[in-house]
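Some notes on the structure that comes next.
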Amino acid sequence: MKDAAPATIYLTDYAPFPYIVDSVHLTFRLSPSATRVTSRIAFRPDPDAPPGPFTLDGEGLDLVWARIDGAPVTPTLTDTGLTCEVPDAPFVWEAEVEIDPAANTALEGLYLSNGMYCTQCEAEGFRKITYYPDRPDVMSVFTVRIEGPEPVKLSNGNPAGSGDGWAEWHDPWPKPAYLFALVAGDLVNHADSFTTKSGREVELNIWVRPGDEDKCAFGMEALKRSMQWDENVYGREYDLDIFNIVAVDDFNMGAMENKGLNIFNSSCVLASPETSTDSNFERIEAIIAHEYFHNWTGNRITCRDWFQLCLKEGLTVFRDAQFTADMRSAPVKRIEDVIALRARQFREDNGPLAHPVRPASFVEINNFYTATVYEKGAELIGMLKTLVGDDAYYKALDLYFDRHDGQACTIEDWLKVFEDATGRDLSQFKRWYTDAGTPRLTVTETWTPGRDTAAPGEPAGGTYTLTFEQDTPPTPGQDEKPPRVIPIAVGLLNENGDEVRETTVLEMTETRQSFTFEGLSSRPVPSILRGFSAPVILNRETTNRERAFLLAHDTDPFNKWEAGRALARDGLLATLREGAAPDPLYLDAVETMARDESLDPAFRALALGLPSEEDLAQALHDAGHTPDPLAIWQALEALRDARASAMETTARTLYDRHQVTGPYRPDAVQSGARALTNAALAMITRQDGGTQAQAQYDAADNMTQQLAALGNLIRAGRGDAAVSAFYDQWRHDRLVLDKWFSLQILNADPADTPDVAARLTDHPDFTLKNPNRFRSVLGALTMSQAGFHRADGAGYRLLADWLMRLDPLNPQTTARMCAAFETWRRFDENRQALIEAQLERILDLPNLSRDTTEMVTRILGARA
Ligand code: B3K
Ligand code: ZN
């Protein structure tokens with residue numbers, strides 16, 4: 001173990017910073033290994049805060065000099081910053097530090113990516129640039145001067161002058177340091193403009209490395225659509241003269257919403273039909289929107305402290321999901337989001353890393369940029385909107401923007417806005433923010449038929465009662481889970497499939513609660529949790545016939561999809577528990593659905609998807625069984641084979657009928673058609689051994705078709721030629737090469753997965769230094785459940801080996817990837833022991849980062 005356990009920070013310890021920062025002036029003299037940063041910061045004691053010492057955060061800085069009001073001072077330097085005696089009156093702090101961007105492999109603070117300077121400051125990276133109160137509740141106006149030979153020099157806000165070897169920027173909007181950004185290098189721009197609703201013209205740029213100019217057009221269109229949408233739907237207008245996006249190859253996450261200067265992982269902004277898939281296009285559009293929407297939800301209104309992260313992230317994810325739903329298909333977006341929520345957030349919420357949407361403590365905040373904070377955080381906004389209704393939701397949002405613009409806020413502020421706007425008491429709803437864990441919602445029903453002739457005053461028709469019970473299992477540090485308010489959207493169908501009760505939202509507030517529907521002429525079929533109205537696990541005893549009926553008739557697209565998914569899942573679980581053969585009822589029902597030309601092809605493609613290996617492992621574990629990853633994979637394979645043979649003709653028909661002709665467009669219609677034909681291709685390949693896939697590969701003129709064909713060829717065991725042709729074609733394109741690495745691992749036979757991944761780590765194009773490339777191999781390994789969990793532990797060993805190499809260079813990415821081990825307690829004793837040994841090995845690494853130490857310790861916390 002480590003010498004000293006890293007300190008835990010608690011929400012309850014929050015104290016305001018004792019000083020106000022009136023202005024910040026920064027000058028950067030850029031040099032790869034010796035950049036000088038001078039700061040001039042105007043402080044004054046905060047009359048509303050308890051007085052306290054003057055401490056500034058700083059990490060890895062060489063202090064050259066410091067002055068207060070022009071007089072040299074010698075501050076006391078600590079491991080985490082400095083303290084200094086200061087006057088009890090306004091004063092100006094000045095300092096110069098030297099930093100080494102070229103040596104910065106952690107990609108936090110100021111670093112170099114392919115010779116280009118760039119920054120990442122959220123959450124606590126600004127302290128690696130200069131001494132500063134690096135906390136989100138300290139907001140100030142920044143002026144930045146950049147000196148250096150680089151042709152392009154960018155920072156936040158508006159341009160404030162430039163000349164030979166220098167450029168200045170001024171950001172008039174007070175912001176916390178985590179939104180600071182600087183970029184400098186040899187960049188080219190794709191330019192455009194947008195006129196806001198009040199008539200202001202905004203210059204827009206996407207900055208890229210020379211050679212990537214042809215991959216900016218889609219991102220630019222997405223940006224303009226986002227700006228327009230936020231004006232139309234939330235009334236939010238952009239507030240600077242310029243909005244810059246920069247694409248960077250070496251980046252720890254997707255993108256960053258720095259004020260007026262968004263920095264993107266190049267994989268999340270560069271797009272072209274030849275190099276990007278339909279899903280890449282959809283994701284790029286969503287991330288551009290997300291970062292842009294942060295301008296109001298995150299930047300103008302920010303977080304008081306990092307415990308409030310969901311205040312900006314949950315809301316902004318919710319907003320970007322609304323945007324995608326409006327731009328594309330709302331049902332398809334909802335289904336995709338729920339698939340991802342269950343795969344990532346339910347997994348997290350039911351294991352050792354479970355934490356509340358608003359955590360109460362952390363060691364390293366970077367470890368809390370999680371599916372729970374983001375995706376469950378967004379679900380909470382969705383539930384609030386369902387509970388209060390659309391009009392009240394937008395009224396509350398208007399109040400939020402009016403009341404809190406320019407402030408650093410809390411979840412309490414957010415809920416108070418809704419209480420004030422609607423008169424509702426949201427104290428029970430708040431439990432969703434403070435209590436971790438996924439509620440289980442069990443439902444039973446009773447039916448009392450009506451009498452033929454009802455006496456006056458007596459209800460005619462029958463009575464149908466739904467009784468719900470909620471229960472949330474304990475999570476680390478939280479044993480008791482009082483009931484939460486759960487909005488349950490329910491509709492009722494009769495035996496002909498007609499809707500006899502439209503969707504109503506039942507508000508469950510107790511542990512056990514019944515809801516009655518009267519005046520029904522026959523026993524209805526319920527459609528429960530429509531639209532996935534709450535992030536819960538719904539348990540309901542029902543028949544396969546009823547599931548097939550709902551797949552055919554439910555008018556709620558989400559529940560229609562859910563019925564098919566549950567039907568497939570129940571059959572797979574029966575195979576796993578009892579060795580049952582694939583269920584003919586499922587095969588018939590799914591074929592009928594697939595042939596229904598009144599249904600959106602994108603929806604049909606999703607409904608042809610099977611539950612993931614992770615879904616099945618969760619379901620087995622929840623029911624008290626030990627999941628066997630290989631058996632799960634085999635059950636899925638058996639069902640895929642059975643379906644391919646049962647649907648042979650249908651697969652051909654769908655493949656031929658929905659082929660897209662004409663020029664490629666990444667829109668919902670074309671991408672839906674390609675998703676359906678590629679779902680059909682997967683079935684065809686099981687029948688023809690890859691002949692059709694080879695033909696598609698040879699004819700493909702876009703990445704969606706090429707990659708789908710290649711995956712099928714690898715799976716069919718005849719991918720070798722195409723794999724090497726693909727490499728020769730795309731070796732110059734780093735983003736496509738990432739796909740080439742991943743695809744070979746994701747489509748390998750699980751018996752070979754760790755070996756394929758190990759072989760690829762020896763490839764000359766593999767590198768530890770680029771997070772995208774690292775994830776394309778080691779991340780893909782962890783995504784292939786049966787392969788990663790191979791019984792001999794080779795997958796675990798390989799991952800641990802590489803995480804231990806990465807940790808000294810890039811703790812943030814290492815720590816995140818440790819989550820692959822979070823499910824270890826689900827498995828058999830042999831696998832548990834193998835994983836535990838690897839976790840111990842990681843923990844024994846000398847100088848293991850605080851990030852990784854926290855993650856591994858939390859995961860091991862689940863030891864029996
Ligand atoms: N706010 C950033 C994430 C920063 C992650 C820091 N470890 C991207 C986003 O959510 O928009
Ligand atoms: Zn965000």
Side-chain angles (χ1 to χ4, degrees), residues 59 104 106-109 111 118-128 134-136 156 175-181 222-223 226 230 245-248 250-269 283-303 305-324 340 344 357 359 362-378 380-381 408 771 775 810-819 849-852 854-855:
E59 243 177 67
N104 183 350
L107 314 183
E108 201 186 40
Y111 65 95
C118 62
T119 54
Q120 171 55 34
C121 292
E122 189 178 0
E124 298 179 330
F126 191 74
R127 62 189 63 188
K128 297 181 166 184
D134 188 9
R135 39 186 291 166
N156 316 91
K175 67 167 176 293
Y178 82 86
L179 291 173
F180 168 83
L223 174 60
S226 307
D230 215 15
I245 287 178
V246 183
V248 173
D250 303 290
F251 207 64
N252 278 331
M253 63 269 174
M256 177 64 211
E257 70 266 24
N258 316 299
K259 183 79 187 191
L261 177 54
N262 286 191
I263 298 184
F264 274 62
N265 185 320
S266 52
S267 72
C268 297
V269 56
R283 187 168 133 82
I284 287 167
E285 180 179 70
I287 296 180
I288 288 192
H290 179 98
E291 305 310 333
Y292 175 73
F293 297 158
H294 267 314
N295 190 53
W296 275 93
T297 51
N299 301 3
R300 290 284 287 253
I301 304 180
T302 193
C303 304
D305 53 68
W306 290 119
F307 297 100
Q308 321 295 332
L309 183 57
C310 62
L311 178 76
K312 73 178 178 80
E313 295 305 345
L315 178 54
T316 306
V317 172
F318 181 73
R319 276 154 46 74
D320 83 55
Q322 287 182 298
F323 169 78
T324 299
R344 297 176 49 231
V357 171
F362 61 74
V363 172
E364 170 52 64
I365 185 57
N366 282 330
N367 288 336
F368 287 83
Y369 286 74
T370 58
T372 297
V373 170
Y374 275 66
E375 274 76 34
K376 188 174 180 181
L380 306 200
I381 312 288
R775 279 189 290 257
N810 185 337
Q812 207 179 117
T813 293
T814 309
R816 288 188 76 85
M817 291 185 68
C818 289
S849 67
R850 182 177 53 174
D851 309 55
T852 305
E854 182 187 27
M855 287 295 276

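Numbering of ligands and ligand atoms starts at 1, following listing order. Source: prediction; values computed, not measured.
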request  = For ligand 1, list the protein residues that place a heavy atom within a distance below 4.0 Å of one of its atoms, sorted by chain and number.
outcome  = Glu122, Met253, Ala255, Met256, Glu257, His290, Glu291, His294, Lys312, Glu313, Asn366, Tyr369, Tyr374, Gln812

inquiry  = Please identify which of these residues, Arg816, Glu108, Glu124, meets the side chain to side chain donor-acceptor pair (under 3.5 Å) condition with Asn366.
reply    = Glu108

key: Glu313 near the Zn ion (ligand 2) via N/O/S, less than 2.8 Å   = yes

request  = Please test Phe368 against Phe307 for ring pair (Phe, Tyr, Trp, His ring centres under 6.0 Å), starting from the C-alpha separation and ending with a verdict.
outcome  = CA-CA 9 Å; Phe368 287 83; Phe307 297 100; 8.5 Å; no

message = Which label fits Tyr178 and Trp306: parallel for a plane angle under 30°, tilted from 30 to 60°, or perpendicular past 60°?
response = perpendicular

Side-chain heavy atoms of Asp230 within contact of Arg319, under 4.5 Å = yes

task = Look only at the side chain of Glu285 and the backbone of Ile287, and say whether a donor-acceptor pair between them is shorter than 3.5 Å.
result = no

request  = Examine the side chains of Glu291 and Asn262 and answer whether a donor and an acceptor come within less than 3.5 Å of each other.
outcome  = no

